[in-house]
Every structure is written in C-alpha cells, then in structure tokens.
Amino acid sequence: MLGYNGKLLEVDLSNSSFKDVTVPDEWLKDYIGGRALAAKILSERLLSKWETVDPLGPENLLFFMPGPFTGYFPGGRTCVTGKSPQSNGMVGSTVGGEFGVELRCAGYDGIIVSGKAKKPVYLFIKDSDIELRDAGAIWGKDSKQTEALLNKECRQLLAERYPRVGVWRQPAKLYIGPAGERKVRTAVVVAKWTHAAGYGGYGSVMGSKNLKAVAVKGTGPLPEVADIKKVKEMIDEACEGAYGNVLWRRWGTGGGGYNFGAETSSEPVRNWQEEWHDQKSYGVDQFESKVWVKSAWSDFGCPTNCLKISCIRSGKYKGSITDNPDYELQAFLGPNLGLFTPEENVYLSSLLEDLGLCGIQGGSTLGFAGELYQRGILTKADLDGIELKWGDFEAFAALLRKIASREGIGNILAEGTYRAALEIGKLKGQNLLPYTVTGKGISIGAHGIRSGRDFSREIGYACSVQGGDHTSQTDLPIDGWGSEIWTIFNDSAIICIFTSFNLSPTFRYDFYAAITGEPLKRKDWLNGGGLKTLQIQRAMLLLGGPDLKWNPSVDDDNPERFYEPLPTGPCKGQAADRASVKRKVMQYYEQAGWDQNGIPTQDTLAKLKLNYVNESLSRLRS
Amino acid sequence: MTEKTANSNSPIWVSREYSKCCGCRKCEIACSLSHENKIWPEASRVRVFMLVPGTEFPHLCTQCEDYPCVAICPFKALDINKETSAVTIDSSKCTGCGKCVEACPGKVPHIHPTTKKILICDLCDGDPQCAKVCKEGGWNCLRVVDRGDREFKLFSRPPEETAKALATKLYGEKAEEFL
C-alpha cells in the first residue's frame with residue numbers, strides 16, 4: 001500500500017534473531033499504523049492469554065510504531081507500546097523526534113520486540129543491516145551520557161562500514177535511563193535527552209528485556225505516496241496554520257505552570273490538595289527571562305517549535321538542562337511539590353530526565369509521598385532520613401534518586417503511585433488510595449476536572465482506555481470531537497496535537513488519501529478502525545493482570561480527590577458530581593456498545609468482526 | 001549585505017546563523033522535495049547535524065573562494081556556476097570517489113544514497129529553497145544575501161567543530177560531557 005514500506009522488523013531478543021513481518025493490507029486499511037495497528041497485532045498474538053502475560057516478562061511484546069503520516073505531517077512522532085506495566089492494558093504512548101522518520105527511511109513501518117536478551121544490548125539498524133550490539137558500556141548511564149555514547153559509537157561504526165559516503169550524521173535513537181534498567185514502572189522511553197514516550201511505563205519494559213536502546217539510520221526516502229504534489233501543498237497548509245499561533249510558538253506549554261493554576265484552577269498543587277495558585281514567580285515571563293537559553297526547538301518538519309531549552313549555567317542548580325520544562329513537568333515538579341521557582345523546576349526536571357523517569361508519573365509519586373509525609377503517615381525514618389517538606393527541592397531530588405535506584409522506600413515508590421499506595425497502605429494498615437490521583441494505575445496528567453475550566457472532562461479519565469492519560473481522554477457523545485476515537489486516529493496516523501489546532505475539519509482524511517491513495521471518510525474511522533481499536537484496548541484493560549485487575553464498577557470513576565471540594569481559588573467549593581459522573585459513565589457504556597458491567601458486548605464485537613476479542617472477554621463474563 | 005532580490009544577477013550566498021536553527025530540518029525537506037520530488041533527508045544537499053541535542057545546525061556548501069573540491073576532482077566532474085557561485089556537478093563524470101569530501105575543509109559533500117554520485121548544494125539556480133522555508137517559519141537561520149567579496153570559507157568547518165562551539169555557547173562547561 002502506498003505510504004508504507006510494507007514490512008515490520010521483528011526482533012527476538014532471546015535468540016538474537018530478526019525477521020521481516022508483513023501485515024495484510026486490510027489491517028493497514030483498518031488500523032492505519034501506530035497505536036491502532038500495534039493494538040491489532042498485540043491482541044492477535046497475546047489476548048488469548050493476556051491475564052498471564054507479565055508486562056515485565058519476556059513474553060510481552062514491545063512496539064516502536066510510526067504511522068503513514070510520520071515524516072510527512074510536520075513534527076514526526078512514533079508510538080511506543082505493548083502491554084503496560086502501569087495499567088496492565090495497552091497504552092499507546094507517542095514520542096517526538098526523528099526516530100520514526102529514520103525507521104521509515106530504513107525501510108520499516110515499525111519494530112516488534114519479543115523475548116529478553118541475556119545481557120544488555122542495543123539494536124542497531126542501518127537500512128536492512130540489523131545488529132544487536134553489546135550495551136555493557138552504556139548500561140547504567142544517564143540519558144545525556146547515553147545519547148553521547150550512542151552517537152559516538154554509531155557514527156564510528158557507520159564510518160568504518162560505509163567509508164565512501166562522506167561524514168555520517170547521528171542516527172535517531174530511543175533509549176532508557178537508569179530507572180528503565182531497574183524496571184521502575186514509571187520509567188520512560190527517551191529521545192533527545194528530554195523527549196519521552198511517558199505514559200505506560202515502556203522504559204521498564206525495555207529494561208526488562210535488557211534492551212538499552214534502538215539506534216536507526218535510514219538512507220532511503222520516506223515511502224512513496226499517492227500524490228506528492230497534494231501532500232506538499234497540505235504540509236504547507238498545516239505550517240501556515242501553525243505559523244499563525246504566535247504566542248503558542250513562542251511559549252509552547254511553558255505558560256501553563258502559571259495559567260493552569262491562576263486561570264483555570266486545574267493544576268496539581270501539593271498533590272492535588274489544591275488546584276489553584278497565583279504565584280507570579282512561576283509566570284512564563286520568568287521562565288523565558290531566567291532559564292530559557294534557546295527559544296525555538298523543533299522535531300522533524302515541525303513549524304510550531306513549542307519546545308524551548310533551559311540551561312542553568314551558574315549557582316547551585318548549575319549544569320541543569322531540560323526542555324522548556326513543558327507544562328506537565330512545570331506542574332508535577334513545581335506546584336505539585338510546593339515549589340514555585342523556575343530554577344528549582346529546571347533542576348528537578350533535568351535530574352528526572354537524566355534518570356529516565358516520567359515527569360507525570362514520577363512527579364505524581366513524589367507528591368503522593370509528600371502528602372503522606374505531611375500527614376505523618378510516612379516518617380523521616382521511613383524515608384531514610386529525608387524530611388520531605390513541601391517546597392524542599394533537595395529533599396524531593398533525593399527521593400527521586402532513591403526511586404530510580406530502587407533504594408529503600410524508593411523500591412516501593414518505583415512501582416508508581418497506585419501500587420505504592422497499596423503496598424504502603426498494607427504496611428501502615430491504612431487505605432491510602434484517597435491520596436492517589438490516578439486512573440487505572442496511571443497517574444492523571446496535570447489537568448484537573450473540578451473547576452470545569454480546563455479541557456479535561458467529567459468522565460475523560462474514568463472511561464479512557466488509557467486511564468489517566470490526559471492526551472487520550474474521552475467524552476460523550478462517542479462520535480463527537482471529544483471522543484477518544486479521534487485520539488486513536490492521531491496516535492495511529494500519527495499527528496502531533498500541538499501542530500493540529502488550525503487544521504480544517506477534513507484535513508486528516510484528505511491527507512490520508514493523498515498519502516495512501518485510499519479515500520477515507522469520518523464515519524469510516526468512527527465505525528471502523530477507530531471503534532475496533534477502542535474495543536481491543538478496552539478488552540486488554542479489563543482482562544488486565546497478572547498483578548492487578550480493574551473492576552469497572554469501582555475503577556471507571558474519578559479518583560476520590562476529584563470529589564473533594566476545591567479548597568481555594570476562584571472555583572473554591574467546586575467538585576466533581578458523583579451522580580452526574582455515574583450517569584455519564586453508563587451513557588458512555590451504552591454508546592460504546594458495552595454492557596452494564598462495562599464489558600464490550602458480544603453483539604458489538606460481532607458487528608466489528610472482532611470474534612477473537614469476544615472469545616477472550618468471555619473469560620470475564622462467565 | 002543586502003537581502004537578495006529577484007532581479008539581481010550577482011552571486012549569492014546562503015547566510016547561516018547557527019544559533020537560530022531550531023532543528024526542524026525543513027531545509028532538508030525542501031531541498032529533497034525540490035531535487036528528488038521526495039522527502040529524503042540523506043539525499044538532501046543541506047544536512048542538519050544534531051550531534052548534541054539543542055545544537056542543531058545546517059551543514060551546506062559555502063562556496064569557498066578557492067573551491068578546493070573543484071580543484072581536486074580527478075575527473076573534472078566539478079565546476080563553478082559563475083552566475084550564482086555554486087559548485088556544479090557533471091554526474092556523467094563523477095565516480096563518487098570522495099576526493100572532494102577529503103578536500104573540503106568542512107567535509108560538506110556526501111554521496112547520494114542510490115546514485116552514488118556526490119551531492120553539493122547547487123543554490124537552486126539562484127533561488128535556494130532551504131532559505132525560503134526557513135524564512136517562512138521566521139527562524140531566518142538561513143537567508144539569501146548578495147555574496148559580495150567576503151571570505152565565506154570561514155563557514156566551511158567540520159560538523160564536530162561547529163557542534164562543539166554551539167554546545168559550549170549553549171551549555172557552558174557542561175558541554176564537555178556531551179562531545
């Protein structure tokens with residue numbers, strides 16, 4: 001099919017073997033690429049025994065999946081997925097950078113990794129030359145060191161093997177930091193120091209497979225498209241739209257640290273005990289003036305350059321480097337910990353990224369621990385001497401290091417907020433879940449629902465097949481624009497949301513047609529691949545296991561905290577409405593074709609020709 | 001130096017101000033679309049190096065005043081376009097031997113992945129597409145100017161050297177760890 005290479009690379013780490021895998025055209029037509037295609041392949045292979053598959057065991061599959069838009073749609077993204085060690089379902093987690101572009105130029109539509117290597121390795125791809133290389137020298141290295149070492153080794157290798165080409169550039173890389181190596185469930189897959197496939201915890205999946213990195217250099221063109229002239233015009237159209245967003249280009253999400261507190265009152269403050277602050281020290285002007293050393297940073301073809309680079313060159317935070325920080329890291333490693341200064345936020349962000357942890361999940365766990373300390377549930381002794389007071393960046397930094405190295409209390413917190421709450425709760429004989437702000441084991445992004453002023457919705461997290469993932473929320477009606485089915489399209493094609501604000505309503509389908517030559521209408525995706533993927537991911541989430549399973553009547557809900565009235569700010573007293581949420585959840589079940597227990601019905605699955613999914617779900621129905 | 005206008009016939013230069021590069025590689029996209037009618041980064045005559053994240057910069061021919069690449073070519077495949085100042089390639093003569101890469105102070109030329117002929121910026125016959133897209137986005141890292149009689153050979157440096165300079169400027173002494 002046009003727009004594709006027509007093959008995926010499958011790597012079995014257990015016996016160091018490689019093979020090309022062809023996907024039937026009808027799968028490509030239905031599931032496009034990225035998240036949806038991975039969901040299809042993953043479910044075909046593992047759904048029949050899903051509950052027994054340990055996400056951190058060799059039987060899990062790990063996917064690196066660009067889509068047919070990757071490289072063409074401005075700002076190339078790649079979806080990283082597999083069975084998630086956070087939700088025990090599947091989370092499609094996309095990351096920016098050049099990886100997907102290089103992979104497509106190397107001749108592959110994606111990579112499937114199975115098994116476990118005997119010792120640390122990295123996968124090196126140069127077009128069709130594939131090799132597993134010893135990663136002994138980079139194992140244990142932080143993100144910045146890993147990037148440097150891989151660049152050096154891979155460029156040397158390219159120069160030796162292909163000497164007549166001229167000077168080789170760097171390959172694109174995805175890798176893990178020390179947290180991933182130690183199978184910390186909140187570890188990310190890193191690109192370019194600071195980019196991450198965050199939600200889902202796939203850094204720990206890489207670690208569990210002894211896979212430190214994947215480096216790829218592709219020397220071919222992007223796969224041929226149906227109408228290059230049209231594609232070119234549409235790229236220009238998308239860029240024109242993006243260029244019009246002057247302040248968005250200038251600040252990216254860096255204005256959020258202040259705005260989502262002061263204006264929308266939806267920012268986690270001290271582990272979501274509040275969602276409002278008016279700390280002018282945390283304004284975007286302060287970040288811009290004090291710490292941003294580069295005002296525009298882009299991935300492949302991106303007109304938006306929402307990324308900035310922060311670097312602190314002197315004083316006690318010296319040597320801290322991060323991007324922006326973007327809003328999520330501003331929030332979770334700022335107000336969420338009672339911190340309101342850009343420099344401390346940059347320091348913590350830089351440290352967290354070096355360790356290879358997720359800003360949202362890692363920051364959430366720090367905030368959770370902070371609240372337990374505030375309440376006297378966790379003591380200085382429990383924390384190996386750390387006095388975890390709100391606003392003490394050094395204390396939080398020390399705890400972060402413990403989490404990444406699974407040392408002391410860090411070993412429990414490394415399981416992520418939800419699992420840590422269960423474990424510490426057991427030790428303390430208390431129910432600690434009221435202090436967790438999570439959905440299906442995934443800490444919720446920094447967009448609360450209580451004020452009703454943010455884009456997050458009443459059932460956005462409760463009904464998402466990706467739990468707390470704020471980028472994959474859902475809403476009623478299921479065929480409306482707030483529905484998760486559209487996020488699935490974006491994560492499959494793949495489109496960067498931050499360059500899509502000004503696209504015309506039909507852009508996605510027209511662009512798809514220009515690339516593949518296949519016409520696509522809104523309803524085709526809505527009633528076809530989009531809905532199928534939703535059902536497949538729902539099935540995976542409900543089957544869950546082996547350590548945790550979700551009970552829809554309890555877990556298709558907001559965290560307890562969202563029902564507590566906001567204590568401060570312009571929306572003081574507001575909270576989510578339990579009855580309204582329950583009603584909407586039931587409506588959502590109905591519209592999604594799920595029964596009263598939230599399980600996709602036999603009829604729904606039969607209509608979508610997902611009988612194999614139905615067979616697996618029958619294990620839940622009986 | 002003035003901005004190049006459509007009517008001027010004097011030689012041009014693609015001015016480069018590396019600190020303004022955001023790393024988007026639209027220049028490569030434009031170059032390969034224009035020359036190959038494909039998006040093909042490794043066949044682009046301008047290549048953005050990202051040896052250290054955040055220090056991306058475009059690497060392209062600067063048209064040295066003494067044209068060492070043209071002088072060294074054993075097959076006389078390279079010449080100079082007097083109108084634009086660009087290096088021209090006679091691909092029927094080029095063997096992809098790589099002598100011009102060795103002679104280039106910046107190691108700029110590279111071999112096309114499939115034709116195996118050398119790739120050197122041809123200044124798009126006076127209308128460089130890379131600079132056009134860079135301007136559209138407002139970055140202006142690349143811009144077209146009249147060449148005048150300045151020494152632009154200065155800008156032909158190995159990518160490692162440029163990366164080191166930019167990384168040190170951006171990250172201070174910490175940059176040592178990244179190179």
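Because only heavy atoms are used, hydrogens play no part in the values below, and waters and symmetry mates are left out as well, while side chains stay in. Treat the numbers as computed from the prediction; the structure is a model and nothing was measured.
Counting non-hydrogen atoms of other residues, nucleotides and ligands closer than 6.0 Å to CG of B/D149 gives a total of 12 or fewer. Summarising the local packing, NZ of B/K164 is surrounded by 12 or fewer heavy atoms from other residues, nucleotides or ligands at distances under 6.0 Å. When the shell of 6.0 Å around NZ of B/K99 is examined, it contains 12 or fewer heavy atoms from other residues, nucleotides or ligands. The 12-atom threshold is not exceeded at CD of B/E83, counting heavy atoms of other residues, nucleotides or ligands nearer than 6.0 Å. By the neighbour-count criterion of 12 heavy atoms within 6.0 Å, atom NZ of B/K117 is densely surrounded, having more than that number from other residues, nucleotides or ligands. Annotation: A/K141, atom NZ; neighbour count of heavy atoms from other residues, nucleotides and ligands within 6.0 Å does not exceed 12.
Annotation: side chain of A/W297 is in contact with side chain of B/P53 (closest heavy-atom distance under 4.5 Å).
In this structure, A/R169 contributes its side chain and B/V48 its backbone to a donor-acceptor pair below 3.5 Å. For the pair B/R25 (side chain) and A/D299 (backbone), a donor-acceptor distance under 3.5 Å is absent. Although no hydrogens or angles enter the test, the distance criterion places no donor-acceptor pair under 3.5 Å between the side chain of A/R164 and the main chain of B/K116.
Relative to the six-membered ring of B/W40, A/R104 misses at least one condition, a distance below 6.0 Å or an angle of at most 45° to the axis.
How far NZ of A/K232 is from OG of B/S34: 7.0 Å, rounded to the nearest 0.5 Å.
Between chain B and the residues A/L149, A/D127, A/D236, A/I228, the most heavy-atom pairs under 4.5 angstrom are made by A/I228. Comparing B/G54, B/G96, B/C97, B/C27 by heavy-atom pairs within less than 4.5 Å of chain A, the highest count is held by B/G54. The candidate with the highest count of non-hydrogen atom pairs below 4.5 Å against chain A, out of B/K26, B/E102, B/K20, is B/K26. The greatest number of non-hydrogen atom pairs below 4.5 Å with chain A, out of B/P41, B/C104, B/A43, is found for B/P41. When each of A/E240, A/E147, A/K229 is checked for heavy-atom pairs under 4.5 Å with chain B, A/E147 comes out on top. The candidate from B/G137, B/C22, B/C100 with the greatest count of non-hydrogen atom pairs under 4.5 Å with chain A is B/C22. When each of A/C105, A/G220, A/C239 is scored by its heavy-atom pairs under 4.5 Å with chain B, the top score falls to A/G220.
What you find for A/C302 and B/C24 is that their closest heavy atoms are O-CB, 3.5 Å. Minimum interatomic distance between A/P221 and B/K38 (heavy atoms only, all atoms of both residues): CB-CD, 3.6 Å. Closest heavy-atom contact between A/R313 and B/K169: NH2-O, 3.3 Å. In plain terms, the two heavy atoms of A/G71 and B/I39 that are nearest each other are O-CD1, 3.7 Å.
In this structure, no portion of A/I312 lies under 4.5 Å from any heavy atom of chain B. Looking at B/C21, the atoms closer than 4.5 Å to chain A (heavy atoms on both sides) all sit in the backbone: N, CA, C or O. Only the side chain of B/E28 comes within less than 4.5 Å of a heavy atom of chain A; its backbone N, CA, C and O stay farther away. Interface residue B/S19: only backbone heavy atoms are found under 4.5 Å from chain A. There is no contact between B/P158 and chain A, counting heavy-atom distances below 4.5 Å.
A salt bridge is absent between A/K152 and B/E160: the closest approach of a Lys/Arg side-chain nitrogen to an acidic carboxylate oxygen does not fall below 4.0 angstrom. A/K217 and B/E42 are joined by a salt bridge, as a carboxylate oxygen and a charged side-chain nitrogen come within less than 4.0 angstrom of each other.
Using cut-offs of 30° and 60° for the angle between ring planes, the A/Y243 and B/W139 rings count as perpendicular.
The interface of residues 172-179 of chain B with chain A, defined by heavy-atom distances below 4.5 Å, comprises B/G172, B/E173, B/K174, B/E177, B/F178.
For the side chain to side chain contact (heavy atoms under 4.5 Å, CB included) with A/V167, the lone residue among B/R47, B/H59, B/H110 that qualifies is B/R47.
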* B/V52/A/N151 under side chain to side chain contact (heavy atoms under 4.5 Å, CB included): CA gap, chis, key distance, verdict -> CA-CA 9 Å; B/V52 178; A/N151 270 352; over 6 Å; no
